[in-house]
Structures are given as structure tokens and as C-alpha cells.
S.K.: 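Take a look at this one; I'll ask things after.
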Amino acid sequence: MAGRMSRASRVAVLVVVIVVLLAYALGAGVLLGLTSPRRAGGEVFLATAAIGGFAVGPMLMGSWLTFWDPRRSRGSRQMFRRMWIVMGVVEIASVALIIAYAVLVGAPTWLPVVFIAGGAVLMAAAYAMGPALRNADRHQVAGEVASIYPPEERRRDIRRIVLTAVITFVIMGTLSLSLGLIFGAEENWFPLVGLPIAMTLLFGGGVGAMFPSYRLGRRTRALVDGDLGRLRAIGKVVLGNKKVELTPEEEEAAARYAPVAPALLTYQLISLGALIAGQGILQINTLLSETSDPAFRVFSAIFLGLVIVGLAVVIPLQLRQIRRAQAYASAHPVPRSGATATSTVEV
């Protein structure tokens with residue numbers, strides 16, 4: 001059995017993954033700037049979307065494979081087949097977009113080849129590293145835990161999220177205001193002062209919520225022993241209020257998952273909402289700028305509309321699932337038998 005991966009090792013792996021993805025995205029952007037002709041205008045959005053697809057696809061697939069074992073059950077295999085189909089569509093679309101960009105602007109022939117090869121390498125690395133990290137991050141301990149998210153830990157996480165947001169807000173707010181006063185930001189107050197402050201507040205809160213969300217996600221995975229199919233069935237009952245026949249083990253797992261689900265969904269909503277809102281603020285800045293290219297302004301208007309629609313859909317959905325989980329937890333208290341069970345515990 002593989003040994004347990006330490007917290008420092010998990011952080012190091014996460015940092016490496018982020019650095020690699022950022023290096024790919026930034027390197028691709030620099031390569032576009034150096035090789036694309038000056039007449040490239042709105043076509044650059046094709047290349048930008050392709051870069052996003054080549055980077056986001058491996059990131060999502062690597063995350064799924066790190067968390068979940070697609071071989072655990074029939075349900076897991078079905079869900080991963082669907083994920084592979086989605087990732088395949090994203091990758092094919094990215095290939096088509098970068099080729100279309102190269103043809104439209106007359107970019108060098110080797111440019112799309114480099115982008116496609118880079119995306120293929122990232123996807124292959126995600127497929128190889130995901131299971132390896134998952135196997136290194138599991139260990140078995142004996143004992144029954146009444147709550148996988150104790151109240152004192154919940155209060156500590158909330159304090160940390162608020163503290164992270166406040167500290168980043170104060171630091172960036174002070175810096176932005178100082179630079180605005182020094183260089184004069186009367187005509188460009190929003191992009192020079194308001195935008196950094198708003199983005200930093202969202203970033204601080206979003207990042208602060210990611211850490212407890214990741215920790216609770218790992219503990220949730222432990223409840224179902226890495227079986228995404230079982231978690232999906234439990235989620236239908238707890239979050240979807242659907243009639244699904246569960247085994248006694250799954251019913252106990254559902255009772256333990258329900259009290260944690262509201263906090264997990266709230267943290268995910270904060271992180272996702274901060275990311276979406278941050279993108280919306282960037283588009284507002286582009287629309288307010290008088291020097292923005294008309295093609296960029298059209299794209300920003302469309303993207304801002306999608307941001308508003310996304311928030312209008314995600315927020316009510318998450319809140320409804322939170323209420324359902326709370327109701328299920330009230331109706332199905334966690335069993336407190338004296339039996340001792342062996343389970344995978346994630347710290």
C-alpha cells in the first residue's frame with residue numbers, strides 16, 4: 001500500500017501544477033504576440049479560447065483522476081466516460097480554434113502544431129499523474145468519527161476566510177490608493193484603483209474558501225472510498241431530494257455527508273462566485289475603457305452577459321441544494337453506534 005502523502009507534498013504538487021499551467025498560458029500568449037501579424041484583431045479571441053481549452057482540460061481531468069477512481073464501480077465508469085467525451089469535445093474544439101486563427105491571420109504553420117502538442121502533453125501528464133497522486137494520498141486508519149467537520153474546525157475556517165480577504169483587501173487597497181494619489185488617477189480611477197481593490201477582495205475570499213473546500217472534498221471522498229458513482233447516488237438523495245435505493249452503508253455515508261454538504265457547497269459557491277464575478281469586473285473595465293478595440297468591447301459585452309446568467313443560475317441552485325442537505329441532515333441524524341469501522345481518513 002502506498003504511503004501517505006504529507007501536506008507539504010500536496011502543497012508542492014499543487015504549486016507545480018499551477019506554475020506549469022500558468023507557464024503554458026503565458027508562454028502561449030507571448031508566442032502569439034511575437035508571431036501574429038499586426039492586423040490580427042478579433043481573431044485573437046479564437047487563439048485565447050484555444051489556449052484556455054488546452055489548459056483547462058488537463059487541469060480538470062487531472063483533478064478528477066486525483067480525487068476519484070474511475071474503476072471503483074459501474075457508476076464511476078459511466079461518469080468518467082461522459083467526462084472523457086466532454087474533454088474530447090473541448091480538445092477538438094481547441095484544435096479547430098487555433099487552426100482557424102492561424103489560417104485567418106496568416107500565422108506560421110508551426111504555431112498551431114506547437115499549441116496542439118503542448119495541450120496533448122498536458123493531457124497525457126494529467127492522465128498519468130492523477131492516479132499516481134491518488135494512490136499516494138490514501139491511507140487506512142481504524143475508528144469511527146461522529147463528524148467529519150467538527151464545529152470548532154468550521155469556525156476556524158470561517159475566521160481564516162474572512163481574515164484572508166481582509167488582509168489582501170487592506171494591502172492591495174493601500175497600495176492602489178497610494179499609486180493613484182502619486183500618479184493621479186482622476187480620469188482612470190476604476191482601472192488603476194477600483195479594479196485592483198475589487199479583484200483582490202474577490203481573490204482573497206475565493207482562495208481562502210478553496211482550502212477548506214479541498215479538505216472537505218477529500219473527506220467526502222473518504223466516505224465513499226473514492227467511488228464517484230456512490231457519491232453521485234448519495235448526492236441525488238441528499239442534494240436532489242430524489243428517491244434512490246441506497247445500501248445500508250450508503251445510507252450511513254449519506255447521513256455523515258449531509259451535515260458537511262452545506263459548508264462544502266458554501267465554500268464552493270464562494271470560490272466559484274468570486275472567480276465568475278472577477279471575470280465580470282474585468283469585462284466592465286474593458287467596456288468602460290475608451291481605448292478598447294471594438295472587437296474586444298463586443299466580446300466583453302457578450303462575456304459579461306454570460307457571467308450574469310451564470311451567477312443567476314449557480315447561486316439559486318447552490319442555495320437550493322444547501323437547504324435540501326440541511327433538511328436531510330435534520331431528518332437523518334448521524335448514527336452513533338459503538339462499533340469501530342475501518343475507513344479512509346483524509347486530513
S.K.: Do the non-hydrogen side-chain atoms of Trp68 and Asp227 ever get within less than 4.5 Å of each other?
M.R.: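 They are not in side-chain contact.
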S.K.: Mind listing the closest non-hydrogen atom pair of Leu246 and Glu250 along with its distance?
M.R.: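 Nearest pair, atom of Leu246 first, then Glu250: CA-OE1, 3.4 Å.
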S.K.: CE of Met87 to CD of Glu91: how many Å apart, nearest 0.5 Å?
M.R.: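 With rounding to 0.5 Å, CE (Met87) is 7.5 Å from CD (Glu91).
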S.K.: Looking only at heavy atoms, what is the nearest atom pair of Ala274 and Gly206, with distance?
M.R.: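 Minimum heavy-atom contact is CB-CA, 4.0 Å.
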S.K.: Could you check Arg156 against Glu152 for salt bridge (charged side-chain N to carboxylate O under 4.0 Å, His left out), going step by step and ending with a plain yes or no?
M.R.: CA-CA 6 Å; Arg156 183 193 66 190; Glu152 58 272 16; over 6 Å; no
S.K.: Is it true that the side chains of Tyr149 and Asp157 contain a donor and an acceptor less than 3.5 Å apart?
M.R.: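 Yes, a side-chain donor-acceptor pair sits under 3.5 Å.
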S.K.: Is there a salt bridge (charged side-chain N to carboxylate O under 4.0 Å, His left out) between Arg219 and Glu153? Walk through the geometry before answering.
M.R.: CA-CA 13 Å; Arg219 295 177 185 176; Glu153 184 179 4; 2.9 Å; yes
S.K.: Verify, without hydrogens or angle tests, whether Gln318 (side chain) and Leu265 (backbone) share a donor-acceptor contact under 3.5 angstrom.
M.R.: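 Such a contact is found between Gln318 side chain and Leu265 backbone.
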S.K.: So which atom in Val113 and which in Thr109 form the shortest heavy-atom distance, rounded to 0.1 Å?
M.R.: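 Heavy atoms only, the tightest pair is CG2-O, 3.7 Å.
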S.K.: What distance do Met129 atom CE and Leu65 atom CG have between them, rounded to the nearest 0.5 Å?
M.R.: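 The CE atom of Met129 sits 11.5 Å away from the CG atom of Leu65.
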S.K.: Under the ring-ring contact (aromatic ring centres under 6.0 Å, His included) rule, what do Trp64 and Tyr127 come out as? Steps first, then yes or no, please.
M.R.: CA-CA 10 Å; Trp64 289 332; Tyr127 186 77; over 10 Å; no
S.K.: Look at the side-chain heavy atoms of Ile, Leu, Val, Met, Phe, Trp and Tyr, link any pair under 4.5 Å apart, and say whether Val86 and Met83 land in one connected group.
M.R.: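 Yes, Val86 connects to Met83 through the hydrophobic network.
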